[in-house]
Amino acid sequence: MPDTNKYRVPTKGKVKLANYDPAATPFAHDSVKAQEKDLKALNQQLAQLVRPLQAEGKRSILLVLQGMDTAGKDGAVRGVFKYTSPLGVRLATFKAPSKDELAHDYLWRCHAVVPAKGEIGVWNRSHYEDVLVPVVNQWIDKDTTRQRYGQINDFERMLTENGTTVLKCMLHISKDEQRKRLQERIDVPDKRWKFSLGDLEVRKQWDAYQQAYEDLLEATSTPHAPWYIIPADDKLHRNLMVNTLLNHTLLDMQPQYPVDYPELAGLQVV
């Protein structure tokens, strides 16, 4: 397998998304059937690794999935956790904030769904929406944006210091691939529910969103909560790469089943 660190965003220096080919497939090899076999093996390994994490009950993982419309956040969730018990995974989806959420600070709704110890939390969109949408639409100024970057870094540092490993994946899709997927949502009847006319308005802001992503990647890829840029034009490859990163994270953590149960010594079930 290729080195995942090549796609880890550096903690210093400029980030240019143009330097990352969204159509690249470095984690793919041989035939599609071989790649599907690799993905199945990763899915099965992940299912096994989640169980001791849950049993250990001391640490957690937060997987953040960000990307432009149609980048495949939903598809990544389905493709990565295909064999994983839902008991060990907690999914949160972030849409436009509600009236109640707007009455609090922007991180309030995020902290409320942080994964518990023993869980993998998956955020489909995240707190990064608050340094994307308001920035592109000029609802907040540069000083407020920089302040939010700092607050987000502090928030993620707090999570890591309390036992949550933060893994952030920016699903990098090309503008042409987005066009194809949006058109498919229009043309295929059972996909139309996923399409909104507002998607076309957001698409007109493509360049502004790319710049906003570059800025947040530069400001918030930290040693304690790194970003990875995932080439996402190829759906199978996207799932292979996210799954590989998640498996590597769990293997590095080495969760263990508890073995010391002194209260069970000599206990007989009758």
Side-chain angles (χ1 to χ4, degrees), residues 1-2 4 6-9 17-18 20-29 32 35-36 38-40 42-43 46 61-84 86 89-95 120-129 132-133 166-188 190-196 198-200 202-203 205-206 209-210 212-214 216-217 226-249:
M1 278 287 183
T4 56
K6 291 182 179 179
Y7 292 86
R8 179 170 173 160
V9 177
L17 288 173
Y20 296 85
D21 181 6
T25 56
F27 282 62
H29 65 86
V32 170
Q35 294 169 45
E36 290 173 343
D38 288 344
L39 181 59
K40 182 177 181 179
L42 287 166
N43 285 337
L46 180 63
I61 296 174
L62 174 58
L63 173 63
V64 173
L65 299 175
Q66 277 289 154
M68 297 291 289
D69 291 336
T70 77
K73 297 175 287 294
D74 292 346
V77 173
R78 290 192 299 270
V80 171
F81 296 99
K82 187 173 183 179
Y83 296 111
T84 305
V89 180
R90 184 178 184 183
L91 175 66
T93 299
F94 292 85
K95 298 182 180 180
I120 294 179
V122 184
W123 286 4
N124 184 334
R125 302 187 187 272
S126 67
H127 46 317
Y128 285 98
E129 291 297 297
L132 284 167
V133 179
V166 181
L167 177 62
K168 302 181 295 192
C169 295
M170 188 268 180
L171 307 184
H172 183 34
I173 189 174
S174 67
K175 190 175 183 180
D176 188 55
E177 180 64 21
Q178 187 196 59
R179 179 190 61 77
K180 294 176 184 177
R181 294 183 188 182
L182 286 173
Q183 190 64 52
E184 184 179 28
R185 289 182 180 182
I186 295 170
D187 295 341
V188 179
D190 62 3
K191 291 188 176 184
R192 288 177 186 163
W193 67 274
K194 299 182 72 174
F195 179 79
S196 166
D199 296 340
L200 300 181
V202 173
R203 180 170 165 80
Q205 299 171 301
W206 178 274
Y209 271 102
Q210 296 297 290
Y213 266 108
E214 290 177 350
L216 76 83
L217 291 168
W227 274 105
Y228 290 85
I229 296 176
I230 310 296
D233 277 8
D234 184 292
K235 297 177 182 180
L236 176 57
H237 173 268
R238 174 200 68 211
N239 295 345
L240 273 172
M241 192 166 178
V242 174
N243 215 329
T244 299
L245 284 167
L246 194 51
N247 269 274
H248 284 183
T249 299

I'd like to check the ring pair (Phe, Tyr, Trp, His ring centres under 6.0 Å) partners of Phe81; sequence neighbours left out, ordered by chain and number. none
So, do Glu129 and Gln66 sit near enough that their side-chain heavy atoms are less than 4.5 Å apart? yes
Once side chain to side chain donor-acceptor pair (under 3.5 Å) is applied, do any residues pair with Arg8, and if so which ones, sequence neighbours excluded? none
Minimum side-chain heavy-atom gap Leu171-Val242 below 4.5 Å: yes
Shortest non-hydrogen contact between Ala18 and Glu214, atoms and distance: N-OE2, 4.4 Å
Taking Asn124 for the side chain and Leu91 for the main chain, is one N or O donor matched with an acceptor at less than 3.5 Å? no
Dump the intermediate steps for salt bridge (Lys or Arg N to Asp or Glu O under 4.0 Å) on Asp176 and Lys180, then the final yes or no. CA-CA 6 Å; Asp176 188 55; Lys180 294 176 184 177; 3.7 Å; yes
Give a yes or no on this: more than 12 heavy atoms of other residues, nucleotides or ligands lie within 6.0 Å of atom NZ of Lys175. yes
Heavy-atom pair with the smallest gap, counting every atom of Ile173 and Met68: CG2-CB, 4.2 Å
Go through Arg125 and Asp69 one step at a time and tell me if the salt bridge (Lys or Arg N to Asp or Glu O under 4.0 Å) criterion holds. CA-CA 10 Å; Arg125 302 187 187 272; Asp69 291 336; 2.7 Å; yes
Correct closest heavy-atom pair for Ser126 and Val64 would be OG-CG1, 3.5 Å
Validation row: Thr4, Phe27 side chains within 4.5 angstrom (heavy atoms): yes
Name all residues meeting the side chain to side chain donor-acceptor pair (under 3.5 Å) criterion together with His127; count only those two or more places apart in sequence or in a different chain, and write none if there are none. Glu156
If every non-hydrogen atom of Leu217 is compared with every non-hydrogen atom of Met170, which pair is closest and at what distance? CD2-CB, 4.4 Å
Qualifying residues under ring pair (Phe, Tyr, Trp, His ring centres under 6.0 Å), relative to Tyr128, sequence neighbours excluded: Trp227
Could you list the residues that satisfy side chain to side chain donor-acceptor pair (under 3.5 Å) with Gln210, not counting sequence neighbours? none
Please list, chain by chain and in numerical order, all residues satisfying side chain to side chain donor-acceptor pair (under 3.5 Å) with Asn239, sequence neighbours excluded. none
Under a 4.5 Å cut-off applied to non-hydrogen side-chain atoms, are Leu46 and Tyr83 in contact? no
Quick one: are Cys169 and Leu63 in side-chain contact, heavy atoms under 4.5 Å? yes
Here's a test for you: under side chain to side chain contact (heavy atoms under 4.5 Å, CB included), which of Glu177, Gln178, Arg185, Gln183 qualifies with Arg181? Glu177
Scanning both residues in full, the closest heavy-atom pair of Gly72 with Arg238 reads CA-NH1, 3.3 Å
Considering all heavy atoms, the nearest Lys82-Asn43 contact: CB-ND2, 3.9 Å
